[in-house]
Number of protein chains: 2
Amino acid sequence: MNELSHLKSAGLKSTLPRLKVLSLFESGSERHLSAEDVYKKLLASGDDVGLATVYRVLNQFEQAGLLVKHHFEGDKSVFELNQGDHHDHIVCLQCGRVEEFYDATIEQRQKKAAAERGFELHDHSLYIYANCVKPKCQYRN
Amino acid sequence: MNELSHLKSAGLKSTLPRLKVLSLFESGSERHLSAEDVYKKLLASGDDVGLATVYRVLNQFEQAGLLVKHHFEGDKSVFELNQGDHHDHIVCLQCGRVEEFYDATIEQRQKKAAAERGFELHDHSLYIYANCVKPKCQYRN
DNA sequence: ATTACAAATGAGAATGATTAGCATTAGCAT
DNA sequence: ATGCTAATGCTAATCATTCTCATTTGTAAT
Ligand SMILES: [Mn+2]
Ligand SMILES: [Mn+2]
Ligand SMILES: [Zn+2]
Ligand SMILES: [Zn+2]
């Protein structure tokens with residue numbers, strides 16, 4: 001279950017750009033990254049990867065189940081490592097900080113809401129937009 | 001509480017394009033409409049309104065609290081009449097049908113989740129993606 | 001009804017994120 | 001080492017949405 005085997009089992013060649021993108025996410029400095037974020041971080045570390053390639057790789061990784069894609073308020077989508085655990089997100093409207101949470105009751109009730117209305121639930125997206133409070137908010141302070 | 005007073009109280013002039021857009025939503029044929037949807041419907045009914053104006057008016061109406069904007073899966077955003085009641089949405093991945101629902105427990109737990117983590121909840125977006133079942137699904141059938 | 005002026009509109013250009021096309025390069029299996 | 005296919009990196013193209021700016025309208029005061 002290392003990078004290489006992940007790629008292989010997804011039918012993806014082990015190329016330099018893919019390894020770099022993957023290790024960026026696994027380094028864990030920031031969990032939620034946009035394509036632009038990834039692109040810039042790679043440039044900054046001297047690894048030149050084309051922006052188009054970043055987009056392609058991110059989408060392939062999503063398809064392969066390595067990454068999960070989210071659409072926070074705003075235009076650009078963000079990716080995070082898929083660690084098997086589903087969770088939802090609270091996003092600070094001021095500083096952009098993201099906190100993850102999981103609430104079994106909410107999950108439960110969503111299933112129920114869908115079922116009661118004759119839907120077969122496929123998945124869902126839940127984002128809470130809020131303001132984080134003084135000490136943690138990078139905006140206030 | 002008619003169209004005109006709505007516009008006035010929002011500090012918006014009562015113009016032809018605005019009246020037309022508003023009555024489109026109030027006619028209630030379809031609750032959830034994208035800018036493109038609105039534009040095409042107006043064209044179809046012989047009312048020529050520029051696409052840029054449609055976008056402008058929709059956003060002004062949102063600011064004024066007349067409409068609510070949503071971002072269902074996909075790129076384009078949709079608007080619906082604001083009737084005071086908050087609700088969330090189930091979207092059929094096959095036929096695009098949208099059903100609204102409200103679950104007090106879910107709302108409650110979101111507030112709690114935010115509070116427990118030191119956030120002041122501002123709002124949230126919850127979309128359930130699912131497949132609707134035979135009789136209602138415009139896709140199967 | 002006319003006038004006057006700010007606000008609104010419409011057409012098209014500009015933007016920003018994401019994708020497509022294509023010539024060139026690099027994994028990987030002989 | 002060779003060859004072939006998939007992957008990369010540009011650039012150009014899309015798509016939704018916003019911006020610009022010259023022209024038109026709504027409105028409130030003559
Ligand atoms: Mn997350
Ligand atoms: Mn709705
Ligand atoms: Zn914050
Ligand atoms: Zn359906």
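Residue numbering restarts at 1 for every chain, and letters A, B, ... go by the order of the sequence lines.
- The NZ atom of Lys13(B) sits 8 Å away from the C1' atom of dC5(C) (whole-angstrom rounding).
- Leu93(A) places a side-chain heavy atom less than 4.5 Å from the side chain of Asn131(A).
- Regarding contacts with the backbone of dT17(D), a side-chain N or O of Tyr55(B) is found under 4.0 angstrom from either OP1 or OP2.
- Here the side chains of Ser125(B) and His71(B) are not in contact, with every heavy-atom distance at 4.5 Å or above.
- Exactly one residue among Leu22(A), Asp47(A), Val49(A) makes a side chain to side chain contact (heavy atoms under 4.5 Å, CB included) with Pro17(A). That residue is Val49(A).
- Contact record, Leu24(B) with Leu33(B): CD2-CD1, 4.1 Å, taken as the closest heavy-atom pair.
- One finds a side-chain N or O of Ser77(A) lying less than 4.0 angstrom from the OP1 or OP2 phosphate oxygen of dT18(C).
- Panel note: side chain Tyr39(A), backbone Val54(A); no donor-acceptor pair is recorded below 3.5 Å.
- When rounded to the nearest whole Å, the span between CG of Leu19(A) and C1' of dT8(D) equals 14 Å.
- Rounding to the nearest 0.5 Å gives a distance of 6.0 Å between CG of Leu7(A) and CG of Leu12(A).
- Within 4.0 Å (heavy atoms only), Arg18(B) reaches sugar-phosphate atoms of the nucleic acid but no base atom.
- Rounded to whole Å, atom P of dT18(C) lies 9 Å from atom CG of Leu51(A).
- The CZ-P distance, from Arg56(A) to dC22(C), rounds to 14 Å in whole Å.
- Taking the side chain as every heavy atom from C-beta outward, Val38(A) and Phe25(A) approach each other to under 4.5 Å.
- Stem regions annotated for DNA chain C: C:1-30 with D:1-30, counting only runs of 3 or more consecutive pairs of Watson-Crick or G-U type with both contacts under 3.5 Å.
- Between the P atom of dC15(D) and the CG atom of Asp75(A) lies a distance of 18 Å, rounded to the nearest Å.
- Summarising the geometry, the separation between CG on Leu33(B) and P on dA16(D) is reported as 16 Å, rounded to the nearest angstrom.
- Here Lys76(A) lies in heavy-atom contact (under 4.0 Å) with sugar-phosphate atoms only.
- With hydrogens and angles disregarded, a donor-acceptor distance shorter than 3.5 Å links the side chain of Ser34(A) to the backbone of Asp37(A).
- For Lys69(A) and dA17(C), the NZ to C1' distance is 11 Å, given to the nearest whole Å.
- Nearest heavy atoms, Arg97(A) versus Phe119(B): NH2-CZ, 3.4 Å.
- If Asn59(B) and Gly50(A) are placed on DNA chain D by their nearest nucleotide, the residue sitting closer to the 5' end is Gly50(A).
- Residues of residues 34-49 of chain B having a heavy atom closer than 4.0 Å to DNA chain C, listed by number: Asp48(B), Val49(B).
- The nearest whole Å value for the distance from the CG atom in Leu58(A) to the P atom in dA17(C) is 15 Å.
- At a threshold of 4.0 angstrom between heavy atoms, the contacts of Thr15(A) are confined to the sugar-phosphate backbone, with no base atom among them.
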